[in-house]
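The next block holds one structure in the form of structure tokens; read it before the comments.
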Amino acid sequence: MTIRLYDTSTRQIRDFTPLTAGCVSIYLCGATVQAAPHIGHIRSGLNFDILRRWFEHRGYDVTFIRNVTDIDDKIIAKSRDQGRPWWAIGYENERAFNDGYQALGCLPPTYEPRATGHVPEMIEMMRGLIERGHAYEADGSVYFDVRSYPDYLQLSNQDIDDLRQPAEEGITGKRDPRDFAMWKATKPGEPDWETPWGRGRPGWHLECSAMAHKYLGPAFDIHGGGLDLIFPHHENEIAQAKAYGDDFAQYWVHNAWVTMSGEKMSKSLGNSVLVSEMVKVWRPIVLRYYLGTPHYRSMIEYSEEALREAESAFARIEGFVQRVVEKAGGVVEPAAEVPPAFAEAMDDDLGVPQALAVIHTTVRQGNSALAADDKEAAVARLAEVRAMLGVLGLDPLDPQWAGETDRGEDLHGVVDTLVRMVLDQREAARGRKDWGTADAIRDQLNQSGLVIEDGPQGPRWTLGPR
């Protein structure tokens, strides 16, 4: 029953041992809300949603913190370009992120703190770091002295003498060009807050160190985020927190990117695919399957072909679920436990691809049971499938997806009536052994996007992959 995770800080898969028995504390770097989310942003939320679900399935009490960075250089630049208040842009996009998480079935975090709500905690951390000789004030800004922390750059495995950080516009007074800003002195037209060192606004890295300390204490189990955050963000978080006296995160878990043409999907590259647009074209449960089923440390190369393959694969699972429900004459509850092979895969660094293979094997076994008219075996397999899908947030019978399955519930009855009329004509052709006409009708329905399956109770139709 030992869960094992790849820890970026040790570069190896480690047995997970919680700080408090039976409890797991997770801090995930969430949205920077200068723009609406693309599917690369939501992938991180999905990966950690599955991790959280697996811990809960294993009986842990999970505290899950996902922050919102609602003030930074990019948000201020957007405010200036659009002539709108920075807080209006931030709130609008925060809502868009939450809509995206909810659409794809992510459980809400235990707490979702905003950076701007935690300036007092940031001031307290800066005060402590200045007193300990790890930070200093210059021209109204506060900088972290990276040379004062000997373990700086261990997470990213860099040499400080080779480090070159990009120059920050308007930043003055640094003792070393590699020192990073914890607090930025006020500029005309920018939001600011009062501190003992003058008015200004927080630096990105300080925000997370302060919020993690407030909600999870000086030590917690897992810190998560995308690979792109390892440096400088997570490296700087560690330096601040540990120099302040915190033990901070015991495990560092990073998810890989969604790429397009080999490049990381990002707003700056202009190659993003917005979640709000994707859910208009693809069923959200299919998007979750597409983004959530590759291994979290594997890159996903975006393509419509890959999405269609995901849709087809999920349709096979969903079709089995629907057929057994019809056979059973009612809903089949999920099994209390998942199959051992599924659990073994999930325990091994969240091996979702291997766990998914167990699901598809169980579906094939269930389909064989249906073909043999073995209702009891088919129902047992469905109970196992529902338990496994529930862990992944992909159970089509879950209330989360109610009304989503048929792609237009209000039209389903109309389509069903029309298709039944055509199927009756096909059955009549088969009855008179006019196989050519029967096959032609079936082919025409297939070309229209319908899949026809002949069963003991007669033909049934489902929507095929697009």
Side-chain angles (χ1 to χ4, degrees), residues 283 285-286 289 293 308-342 345 353-392 394-398 401 405-407 412 415-416 419-420 422-466:
R283 294 170 57 201
I285 197 169
V286 169
Y289 184 97
T293 53
R308 284 193 292 271
E309 290 174 358
E311 184 179 49
S312 297
F314 185 72
R316 291 193 291 272
I317 297 173
E318 192 173 39
F320 165 71
V321 172
Q322 293 169 348
R323 285 191 293 274
V324 179
V325 168
E326 290 176 7
K327 182 79 170 177
V331 175
V332 176
E333 293 300 323
E337 296 295 333
V338 296
F342 180 93
Q354 294 77 17
L356 192 64
V358 178
I359 293 176
H360 282 288
T361 296
T362 308
V363 166
R364 286 194 293 272
Q365 293 169 349
N367 282 329
S368 296
L370 283 174
D373 203 24
D374 186 345
K375 176 181 174 181
E376 183 178 352
V379 167
R381 298 294 80 74
L382 175 56
E384 293 172 346
V385 167
R386 285 203 66 194
M388 293 185 283
L389 290 176
V391 168
L392 302 181
L394 287 168
D395 182 359
L397 301 181
D398 189 280
W401 310 112
T405 302
D406 292 315
R407 302 185 204 161
H412 185 274
V415 174
D416 184 64
V419 174
R420 290 292 167 193
V422 178
L423 289 177
D424 287 345
Q425 295 175 18
R426 177 172 174 264
E427 287 302 293
R430 295 178 69 184
R432 62 178 183 266
K433 297 186 179 182
D434 184 357
W435 309 118
T437 298
D439 290 345
I441 292 173
R442 179 174 183 144
D443 291 344
Q444 189 171 9
L445 289 172
N446 287 339
Q447 291 172 11
S448 300
L450 302 177
V451 175
I452 309 302
E453 298 173 277
D454 294 310
Q457 279 120 22
R460 66 187 301 276
W461 67 272
T462 56
L463 286 172
R466 63 188 74 233

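All values derive from a computational prediction rather than experimental measurement.
- Contact of the N446 side chain with the L450 side chain is not registered, since no non-hydrogen atoms from C-beta on lie closer than 4.5 Å.
- Between Q365 and T361 the shortest side-chain heavy-atom distance falls below 4.5 Å.
- When side chains are defined from C-beta on, K327 counts as touching L370, because their heavy atoms get closer than 4.5 Å.
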**Message:** Show, in sequence, the C-alpha distance, side-chain angles and deciding distance for E326 and R323, and conclude whether the salt bridge (charged side-chain N to carboxylate O under 4.0 Å, His left out) test is met.
**Reply:** CA-CA 5 Å; E326 290 176 7; R323 285 191 293 274; over 6 Å; no
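- Side-chain atoms of T362 and H360, non-hydrogen and from C-beta on, never get closer than 4.5 Å to each other.
- Put simply, the side chain of V325 reaches to within 4.5 Å of the side chain of L382, judged on heavy atoms.
- Taking a cutoff of 4.0 Å between a charged side-chain nitrogen and a carboxylate oxygen, E427 and R430 qualify as a salt bridge.
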**Request:** Starting from the C-alpha separation in whole Å, work towards a yes-or-no answer on salt bridge (charged side-chain N to carboxylate O under 4.0 Å, His left out) for R316 and E311.
**Result:** CA-CA 9 Å; R316 291 193 291 272; E311 184 179 49; over 6 Å; no
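- Two residues are said to be in side-chain contact when any heavy atoms from C-beta on lie closer than 4.5 Å; N367 and R381 fail this criterion.
- For D398 (side chain) and W401 (main-chain N/O), no donor-acceptor pair under 3.5 Å exists by modelled atom type.
- A distance-only check finds no donor-acceptor pair linking the side chain of R426 to the backbone of D439 [under 3.5 Å].
- The line from OH of Y289 to CG of L394 is 8.0 Å long, rounded to the nearest 0.5 Å.
- Distance CD1/I441 to CG/L423: 8.5 Å, rounded to 0.5 Å.
- Looking at heavy atoms from C-beta onward, L389 lies in side-chain contact with P396 at the 4.5 angstrom threshold.
- The side-chain heavy atoms of V321 and V332, taken from C-beta on, include no pair separated by under 4.5 Å.
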